[in-house]
Amino acid sequence: MVETCGQHIKRRRTETQPLKLSRAERWNVVDEEDVFMDILSRVSVKSIWSLKTLSKHWHGSISTTYFCKLQLAHSRKNPSFIVCPTLETSMKLYSMDSRSFELSTLNTIDPSERSHGVSLYMISSFNGLICCVNVIFDEDVESKFFDLQIWICNPCTGETLLLPQGRPSFECEPCVGVAYSSDTSDYRIFRIFCTGKKIAEERESVEGYYVREGYAYECEMFCSSTGSWKNIGLVPCVPMDCGLRPYKTGHICVGGKVYWLVSLDEPGKILSVNLEGRFKVINLPEYKANQKGEDKITEATHLINLKGSLALLVLHPGYMDIWVLKDDGETYSWVPVPLLKVRIRIKDDELVLTVTSLKNKIICVTETHWHIYNVDTGKWKKIRGPRTGFRYPAVFPFTESILPCNGGVKL
């Protein structure tokens, strides 16, 4: 049984001063400390962080695993969005209220260890932490290997953690995905890369291996609990390129699994991997054979988390389709949402740069506006974006947290 902050403090005090506290007084210590911790866990991270310097007692109480998880649990009840409107050398982050959609300055992330002159790009948000990447500048112009620096950052506390380098990728940048669970502070980072080594011709046709021009692709997994990379072998396919975002980082994590779009051509595919490093290939939903070409999977197709399930958002001129994945581990199917042929309030000449979701809201970001769709009411809302507009924007659901960047290891 894990003791609470109050129980831990009571035990420490009674061990050091057993004769100075009566039984009633000892239990009062528990009650007071638990109430204090519960109240403190509900205030902003900025306020909590400032209290750590007031006394050793408060610093020790706030730094416990129990308090960090208590604070995160309260923060999840009131999630917001974290926004990086443009791709710049210094990553300027904003918090956006999930009801009013008003922006407020959160922090600027500019680690000194970053490769010189390159921009950070946010690719994931989880448990109050974010994952960012930047390309590594190689002075050797003839080098055929590419790699990324991968960062874990806490935007509220300003802490940053540069992960160890993995194996560089031959003639292409690595594909990166982040897996996490809502029940734990542990996380996994996956890097899919080209080994640069030719494989035997007889192995090129082996099912489950992806080979391009004779080169195989493998995957490494970083575990926050060990702080190191582990090669988990060959991959069955690789994520597709997307011209609307830098690097092959377009993925989503739902239920502890990472999902990437692989291909939109019939039959379209999705690549998934779970926390244990097991891969699975999922076919995209099939449209009816008599439907016109414009009613099928389009280039404006996005993966979203819709109320805790993986969903496929397909944007068409004037309307959209939403499909939800039902997967029991052995078989899977795509179920269309009841509101098919939903009219879109986005003009045909507006390019959707990125899509995110939170609870019952789906947000499409164009170059100048937020377009918010409420799945329950079927209504759209249009809000003007920043004056400078959007350029490679990154938007994710966000909860404030005081978790360290190592995921809580040795907290």
Side-chain angles (χ1 to χ4, degrees), residues 124 126-127 175-184 186-193 203-212 216-225 230-240 248-289 291 296-298 301-314 320-340 355 357 359-360 362 375 397:
S124 179
F126 60 100
N127 297 334
C175 308
V176 181
V178 183
Y180 54 90
S181 170
S182 60
D183 297 328
T184 178
D186 192 19
Y187 58 83
R188 307 283 193 278
I189 310 292
F190 295 91
R191 292 177 68 256
I192 298 175
F193 62 98
R203 295 187 62 191
E204 291 189 18
S205 59
V206 176
E207 185 177 357
Y209 294 162
Y210 178 80
V211 179
R212 186 178 69 182
Y217 285 70
E218 297 180 356
C219 182
E220 290 180 324
M221 179 178 70
F222 176 88
C223 180
S224 62
S225 60
K230 175 185 177 181
N231 191 301
I232 57 176
L234 298 167
V235 296
C237 51
V238 298
M240 61 182 286
K248 292 183 180 180
T249 56
H251 72 283
I252 190 167
C253 180
V254 182
K257 297 180 180 179
V258 177
Y259 298 89
W260 293 273
L261 279 171
V262 172
S263 172
L264 299 178
D265 298 329
E266 294 187 37
K269 294 181 180 180
I270 292 173
L271 176 66
S272 75
V273 62
N274 62 14
L275 290 168
E276 288 73 41
R278 298 189 182 95
F279 286 96
K280 183 177 181 179
V281 178
I282 302 171
N283 291 329
L284 295 183
E286 296 182 3
Y287 281 77
K288 295 180 180 179
Q291 287 183 315
K296 297 184 179 181
I297 298 293
T298 70
T301 297
H302 305 267
L303 299 176
I304 61 174
N305 184 338
L306 187 60
K307 299 181 179 181
S309 297
L310 176 69
L312 191 73
L313 175 67
V314 185
M320 67 183 181
D321 295 330
I322 305 174
W323 302 76
V324 176
L325 179 69
K326 301 297 182 181
D327 189 352
D328 61 8
E330 296 182 359
T331 61
Y332 67 89
S333 62
W334 290 96
V335 180
V337 299
L339 297 178
L340 289 176
V355 173
S357 60
K359 296 182 179 179
N360 64 335
I362 298 174
V375 178

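For the numbers below, each heavy atom of this structure counts, side chains included, while hydrogens, waters and symmetry mates do not. Since we're looking at a predicted model, the values are computed, not measured.
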Do [X] and [Y] have side chains that get closer than 4.5 Å, going by heavy atoms?
{"X": "Val254", "Y": "Ile304", "result": "no"}
{"X": "Val262", "Y": "Ile270", "result": "no"}
{"X": "Trp323", "Y": "Val337", "result": "no"}
{"X": "Lys257", "Y": "Val273", "result": "no"}
{"X": "Cys237", "Y": "Trp260", "result": "no"}
{"X": "Cys223", "Y": "Asp186", "result": "yes"}
{"X": "Val178", "Y": "Arg188", "result": "no"}
{"X": "Leu261", "Y": "Leu271", "result": "no"}

If you measure from [atom1] on [X] to [atom2] on [Y], what distance do you get to the nearest 0.5 Å?
{"X": "Ser272", "Y": "His251", "atom1": "OG", "atom2": "NE2", "result": "13.0 Å"}
{"X": "Phe190", "Y": "Glu220", "atom1": "CZ", "atom2": "CD", "result": "12.0 Å"}
{"X": "Asn274", "Y": "Ser181", "atom1": "CG", "atom2": "OG", "result": "12.0 Å"}
{"X": "Ile297", "Y": "Leu312", "atom1": "CD1", "atom2": "CG", "result": "5.0 Å"}
{"X": "Asn231", "Y": "Arg191", "atom1": "CG", "atom2": "CZ", "result": "10.0 Å"}

Checklist line | Listed partners of Ser309 passing side chain to side chain contact (heavy atoms under 4.5 Å, CB included), at least two apart | finding: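 Ser309 satisfies side chain to side chain contact (heavy atoms under 4.5 Å, CB included) with Val324 only.
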Next item on the list: List in chain and number order the residues that pass side chain to side chain contact (heavy atoms under 4.5 Å, CB included) with Val238, two or more places apart in sequence or in another chain; answer none if no residue qualifies.
Entry: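 Applying side chain to side chain contact (heavy atoms under 4.5 Å, CB included) to Val238 gives Ile192, Tyr210, Tyr217, Val235.
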Minimum heavy-atom distance [X]-[Y], with the two atoms named:
{"X": "Thr331", "Y": "Asp327", "result": "O-OD1, 3.2 Å"}
{"X": "Tyr332", "Y": "Asn283", "result": "OH-N, 2.9 Å"}
{"X": "Leu284", "Y": "Ser263", "result": "CD1-O, 3.7 Å"}
{"X": "Leu275", "Y": "Met221", "result": "O-SD, 3.8 Å"}
{"X": "Ala179", "Y": "Cys253", "result": "CA-SG, 3.8 Å"}
{"X": "Gly177", "Y": "Val258", "result": "CA-CG1, 4.2 Å"}

Next item on the list: Just do the side chain to side chain contact (heavy atoms under 4.5 Å, CB included) check on Val176 and Ile189 with the steps written out, would you?
Entry: CA-CA 7 Å; Val176 181; Ile189 310 292; 3.9 Å; yes
Item checked: Verdict with supporting geometry, Phe279 and Cys219, side chain to side chain contact (heavy atoms under 4.5 Å, CB included) -> CA-CA 10 Å; Phe279 286 96; Cys219 182; 3.7 Å; yes
Item checked: Intermediate values then yes/no, side chain to side chain contact (heavy atoms under 4.5 Å, CB included), Ile322 and Ile362 -> CA-CA 11 Å; Ile322 305 174; Ile362 298 174; 3.8 Å; yes
Check: For Lys269, does the NZ atom have more than 12 heavy-atom neighbours from other residues, nucleotides or ligands under 6.0 Å away?
Finding: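 No - once you tally the heavy atoms of other residues, nucleotides and ligands closer than 6.0 Å, there are 12 at most.
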Check: Should the pair Phe126 and Tyr180 be assigned to parallel (<30°), tilted (30 to 60°) or perpendicular (>60°) ring geometry?
Finding: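 Answer is parallel, since the angle falls under 30°.
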Next item on the list: Examine the side chains of Ser357 and Asn305 and answer whether a donor and an acceptor come within less than 3.5 Å of each other.
Entry: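 Note: Ser357 and Asn305 side chains miss the donor-acceptor criterion.
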